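Naming: A, B, ... by sequence-line order, numbering from 1 per chain. In this text, all values refer to a predicted model and were calculated from it rather than measured experimentally.
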2 protein chains.
Amino acid sequence: MIETARGIIAANGLRSLKVRDVAEAADCSIGSVYNEFGDFDGLILTVNRETVQALTARLVAVPAEDPVRQLHGLAEAYLTFAADHANLLRSLFEHRMEDDRPFPEDILKMVMQAFALMHEPMVRLLPDRKPEEVALLARMMFSAVHGIISLGLEERMVAVPPEKLRQQLAQFVDTHLAGLGIAVDKPRDGEV
Amino acid sequence: MIETARGIIAANGLRSLKVRDVAEAADCSIGSVYNEFGDFDGLILTVNRETVQALTARLVAVPAEDPVRQLHGLAEAYLTFAADHANLLRSLFEHRMEDDRPFPEDILKMVMQAFALMHEPMVRLLPDRKPEEVALLARMMFSAVHGIISLGLEERMVAVPPEKLRQQLAQFVDTHLAGLGIAVDKPRDGEV
DNA sequence: ATACATTTTGAACAATGTTCATTTTCAACC
DNA sequence: GGTTGAAAATGAACATTGTTCAAAATGTAT
């Protein structure tokens, strides 16, 4: 059932998700969807929850030996995930809830955890700066990467080919690290 | 009528925009809304069009004497606009059309024009690089700024206070320019 | 004043999220 | 095995909202 919903969102975007379609595909009644998830938002949030989990899993799997490589790896993992699951990520970041119900605590926490994954390598690279300051820098860098990727993949606008985006992202990370006073002269794998 | 629609979106988000509300507020029939805008998307797009125009106007108004100051000004103008009209900007970037109708050409063009405003000062700062390369750098920088601002202002997540965001943005621009090999040692107005 | 064009109207329709009384399922107990 | 009561599943009915379109209202030219 979640599987079906995710399939529909991934294939045609959140807007095309319909309760009736999910019920039919799952071979159960409409009411059952409501018994399971409470309401439509509940279903969407369940899919979104799994999306963050999948994303976080990818990010956590990035090797952590060399902090610079790790940052590149995180950015690239994010890009790969975003390119493969553009609609799922959009659902996560763009879905607004009914009324003004609060954003679920656990999803928020997981997103923050994903954000925080850039924190550790940044601390290693900037041992002299205050932790709070580094936390801000890390969040900023994550946000910047997010912006580059999400606008870059936006089909409505002129979408950049993922391969090209990958190069740009790597360049961005390098440039930004250089700006922070971190030397990155040795080219890494797969860089042009 | 557009005014009403914009008001509703700005106040409560795109989701709460209803044809009937607009018709009632404009003191006309539902049908008239359709005669005027074709369909619901037409109304939304009209509001979005004016949003890009307003944003572009703000960005164009940024002084262009010193390129570094100009870049800071552009980022700050974007932030100010985003903070003042968060829901309108979201409507512009997040609204998906029915089916797969194409994104209107003119809006796309205006967004690109806004993107391109970072191009000129970047060319001035990097006279030795190839124009296409600078265009990519400019778009990347714009996207990064967009990401920092849109995630930063996201109330669902932990929103950063605009004042704090302003500082971070300025720091980001400085860092990035430094990474590009551009010296920025003189503090600018209003910087902490 | 008449005839034709244009605009406006809002009732009816279609799509879709939501509810809830009813039915079905199923386990526990005698 | 039959009875019973809780739990789960059902889908018809409802509420909201985008959309259509025949009819009415308005405007204009002759």
Touch check for L43(A), heavy atoms < 4.0 angstrom, all strands: base, sugar-phosphate only, or nothing?
nothing
Separation of D21(A) atom CG from dA15(C) atom C1', in whole Å?
11 Å
In Å, rounded to the nearest 0.5 Å, how long is the span from CZ of F115(B) to NE2 of H146(B)?
7.5 Å
When S143(A) is tested against each of L151(B), I149(B), V160(B) for side chain to side chain contact (heavy atoms under 4.5 Å, CB included), which residue passes?
L151(B)
From dG17(C), dG18(D), dT8(C), nucleotide with atom closest to N35(B) side chain
dT8(C)
At under 4.0 Å between heavy atoms, what does Y34(B) touch on the DNA or RNA strands: base, sugar-phosphate, or nothing?
base
Nearest to the S29(A) side chain among dG11(D), dG17(C), dT19(D), which nucleotide is it?
dG11(D)
Does dA9(D) have OP1 or OP2 under 4.0 Å away from a side-chain N or O of S32(A)?
no
N/O donor-acceptor pair under 3.5 Å between S91(A) side chain and N87(A) backbone:
no
R58(B) side chain to Y78(B) main-chain N or O, any donor-acceptor pair under 3.5 Å?
no
If I take atom CD in residue E98(A) and atom C1' in nucleotide dT19(C), what distance separates them, rounded to the nearest angstrom?
15 Å
In whole Å, what is the span from the CZ atom of R15(B) to the P atom of dT16(D)?
15 Å
Between L108(A) and E105(A), is a side chain to side chain contact (heavy atoms under 4.5 Å, CB included) present by the stated rule, with each step listed?
CA-CA 5 Å; L108(A) 179 62; E105(A) 203 61 46; 4.0 Å; yes
Whole-Å gap separating P (dT17(D)) and CG (L14(B)):
14 Å
Could you state the NZ-C1' distance from K18(B) to dA15(D), rounded to the nearest angstrom?
12 Å
DNA chain C: 5'-proximal contact among I30(A) and R20(B) (nearest heavy atom)
R20(B)
For F37(B) and dT7(C), give me the distance from atom CZ to atom P, rounded to whole Å.
15 Å
Nearest-Å distance for atom pair CD/C1', residues E24(A) and dG11(D):
14 Å
Figure out the CG/C1' separation between D39(A) and dG17(C), and round it to whole Å.
9 Å
